[in-house]
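In the text below, chain A, chain B and the rest are named by the order of the sequence lines, each starting its count at 1.
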Number of protein chains: 2
Amino acid sequence: MTLAEENYLKAIYHLEQQFKKGVSTNALAEEMKTKASSATDMIKKLAEKNMLTHIPYQGATLSDAGRDYAVKVIRRHRLWEVFLVEKLNFSWDEVHEVAEHLEHINSDKLVNELDAFLGFPTYDPHGDPIPDKEGNFTYIEKIVLAKAEVGITYKCIGVDDTSSKFLKYLDSNNIGLGTIIKILYKEPFDNSIKLGLGKVEIVVSQSVAKNLYLKKV
Amino acid sequence: MTLAEENYLKAIYHLEQQFKKGVSTNALAEEMKTKASSATDMIKKLAEKNMLTHIPYQGATLSDAGRDYAVKVIRRHRLWEVFLVEKLNFSWDEVHEVAEHLEHINSDKLVNELDAFLGFPTYDPHGDPIPDKEGNFTYIEKIVLAKAEVGITYKCIGVDDTSSKFLKYLDSNNIGLGTIIKILYKEPFDNSIKLGLGKVEIVVSQSVAKNLYLKKV
DNA sequence: ATTATAATTTAGGCAAATCTAAAAATATGT
DNA sequence: ACATATTTTTAGATTTGCCTAAATTATAAT
């Protein structure tokens with residue numbers, strides 16, 4: 001598997017998870033920030049390698065081999081993110097780019113020793129689950145802040161948007177993984193939400209509310 | 001700089017150090033395990049990028065920028081080797097291949113934090129010096145075992161051949177970095193050498209003697 | 001000095017991954 | 001249902017890094 005192939009597999013996997021159906025050429029091209037013709041080419045190549053099945057003009061669906069491979073890359077990515085944050089003092093908005101490179105180093109010994117060195121972590125710094133050696137992981141049901149209920153207290157467990165901008169915004173408002181958040185008020189006019197963070201109260205916009213994941217505590 | 005460019009720069013740097021003169025196309029091709037025509041192509045490309053100067057049919061010589069870049073890649077390689085051996089339980093014959101990949105991840109933050117995390121090591125697991133942030137490193141004069149004197153006691157500080165075969169051979173004879181070695185006898189017939197390792201005496205062949213570096217203790 | 005040999009470069013081609021532009025297939029609106 | 005719009009695919013070009021084979025330049029030998 002080349003670097004490009006691995007990145008496409010990962011993108012297809014994410015789109016499959018997100019929309020629970022075959023991945024369209026356009027969606028894939030957009031995810032990969034490339035053109036539809038390039039996506040078509042790569043889909044063909046991955047189909048030949050039996051990583052996915054593809055019916056022209058319909059969607060692409062990962063095969064078991066393709067899904068396993070994608071999960072392997074995701075495992076590497078998330079383990080490296082933990083390493084960067086816990087051992088090398090990266091903040092959670094800095095890890096993504098470097099992890100994008102580290103995830104392509106294909107050595108079982110490297111990944112499994114790293115896993116052990118980190119103490120077999122189960123979640124990455126964005127709250128996403130880390131597959132184990134066999135590719136198993138448990139997905140925690142995430143509640144998006146936009147749909148949280150007034151009066152209930154939640155714990156922050158992840159983000160959707162992992163852009164530096166968004167993560168910096170969260171940092172500057174002292175919101176991170178594990179932060180306890182109480183929903184105080186939802187403003188119907190613009191869908192903004194007033195939160196309680198300990199003694200501090202802040203109001204966040206709808207776009208923030210759509211990108212922050214919580215679970216009940 | 002692409003991956004291929006970085007690898008060529010490193011190879012040119014090593015050949016320059018080794019032979020103290022301009023690097024020939026053939027030597028470079030051999031080092032890179034490729035063909036002379038490919039080496040010519042890459043030399044041209046690196047010359048255009050001002051990483052080296054090249055006079056056709058004569059040799060290539062790194063520019064300051066080229067040398068700085070090569071040293072940067074070597075720094076990354078050696079730091080990762082330390083990480084793999086000290087933190088991830090790699091043995092010194094296993095690190096090279098993985099470090100070849102890790103060395104191409106270009107993030108100053110990553111490398112400098114790794115350096116700090118490892119406690120600013122100055123030598124890698126093969127005894128080679130690790131350049132600091134500014135690219136400075138001190139080269140210890142290495143005495144090759146083949147030229148060591150009978151009756152003198154030395155410390156093992158490095159190897160030339162970093163192949164898995166050779167390193168495994170050393171391991172199986174309990175020779176590693178820091179091992180104290182006394183030269184007991186040099187056999188003129190086949191240039192083999194009898195060594196004292198603590199209470200144990202072993203005889204090593206000339207090919208071993210040419211690849212093991214020592215310093216006086 | 002001239003020829004033989006070795007080293008180097010050039011020429012032309014290939015595969016991967018991308019692009020633009022055009023063609024083909026599918027979906028949509030009235 | 002049929003024209004129009006959208007999506008997808010194909011065709012052809014480009015770049016990078018590599019190759020083989022041929023031509024060129026340098027070096028060595030007599």
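- Comparing C:dA25, D:dT20, C:dT18 by their closest approach to the side chain of A:M42 singles out C:dT18.
- The distance from the OG1 atom of B:T61 to the CZ atom of B:R67 is 8.5 Å, given to the nearest 0.5 Å.
- Rounded to whole Å, atom P of D:dC18 lies 6 Å from atom CE of B:M32.
- For the pair B:K35 and D:dC18, the criterion of a side-chain N or O lying under 4.0 Å from OP1 or OP2 is not met.
- Ring orientation note: the planes of A:F166 and A:Y169 are close to parallel, at an angle under 30° on the 30°/60° scale.
- Ranking C:dT18, D:dT8, D:dC18 by closeness to the A:D41 side chain, first place goes to C:dT18.
- B:S24 comes within contact range of the sugar-phosphate backbone alone, with a heavy-atom separation under 4.0 Å but no base atom that close.
- Straight-line distance from the NZ atom of B:K44 to the P atom of D:dT16: 14 Å, rounded to whole Å.
- A sub-4.0 Å separation between OP1 or OP2 of C:dA21 and a side-chain N or O of A:S37 is absent.
- Comparing A:P56 and A:T2 against DNA chain C, the residue whose closest nucleotide sits nearer the 5' end is A:T2.
- Here B:T40 lies in heavy-atom contact (under 4.0 Å) with a base.
- Using a 4.0 Å heavy-atom distance criterion, B:K33 is classed as making no nucleic acid contact.
- The shortest distance between the side-chain N/O atoms of A:H54 and the OP1/OP2 oxygens of D:dT8 is not below 4.0 Å.
- Residue B:A4 is classed as a sugar-phosphate contact, given heavy-atom separations below 4.0 Å to backbone atoms only.
- Regarding A:E5, its CD atom lies at a distance of 9 Å from the C1' atom of C:dA16, rounded to whole Å.
- Close to C:dA6, at under 4.0 Å from its OP1 or OP2, lies no side-chain N or O of B:N26.
- Contact annotation for A:S38: base contact, defined as any heavy-atom pair under 4.0 Å involving a base atom.
- At a threshold of 4.0 Å, the pair B:E6-B:R76 counts as salt-bridged, since one of the basic side-chain nitrogens sits closer than that to a carboxylate oxygen.
- Remark: C1' of C:dA15 and NZ of A:K49 are 12 Å apart, rounded to the nearest angstrom.
- For the pair B:K87 and B:F117, the cation-pi criterion (under 6.0 Å, within 45° of the ring axis) is fulfilled.
- When the P atom of D:dA26 is taken as reference, atom CD1 of B:I55 falls 12 Å away, rounded to whole Å.
- For the pair B:E30 CD and C:dA6 P, the computed distance is 15 Å after rounding to whole Å.
- The separation between A:Y57 atom OH and D:dT8 atom C1' is 5 Å, rounded to whole Å.
- Ion pair A:K142/A:D128 flagged as a salt bridge, since at least one NZ, NE, NH1 or NH2 atom sits closer than 4.0 Å to an Asp/Glu carboxylate oxygen.
- A close approach under 4.0 Å does occur between a side-chain nitrogen or oxygen of A:Y8 and OP1 or OP2 of C:dT18.
- Between B:D115 and B:R75, at least one side-chain nitrogen of the basic residue sits less than 4.0 Å from a carboxylate oxygen of the acidic one, meeting the salt-bridge criterion.
- Protein atom CG of A:L28 is 14 Å distant from nucleotide atom C1' of C:dT18, rounded to whole Å.
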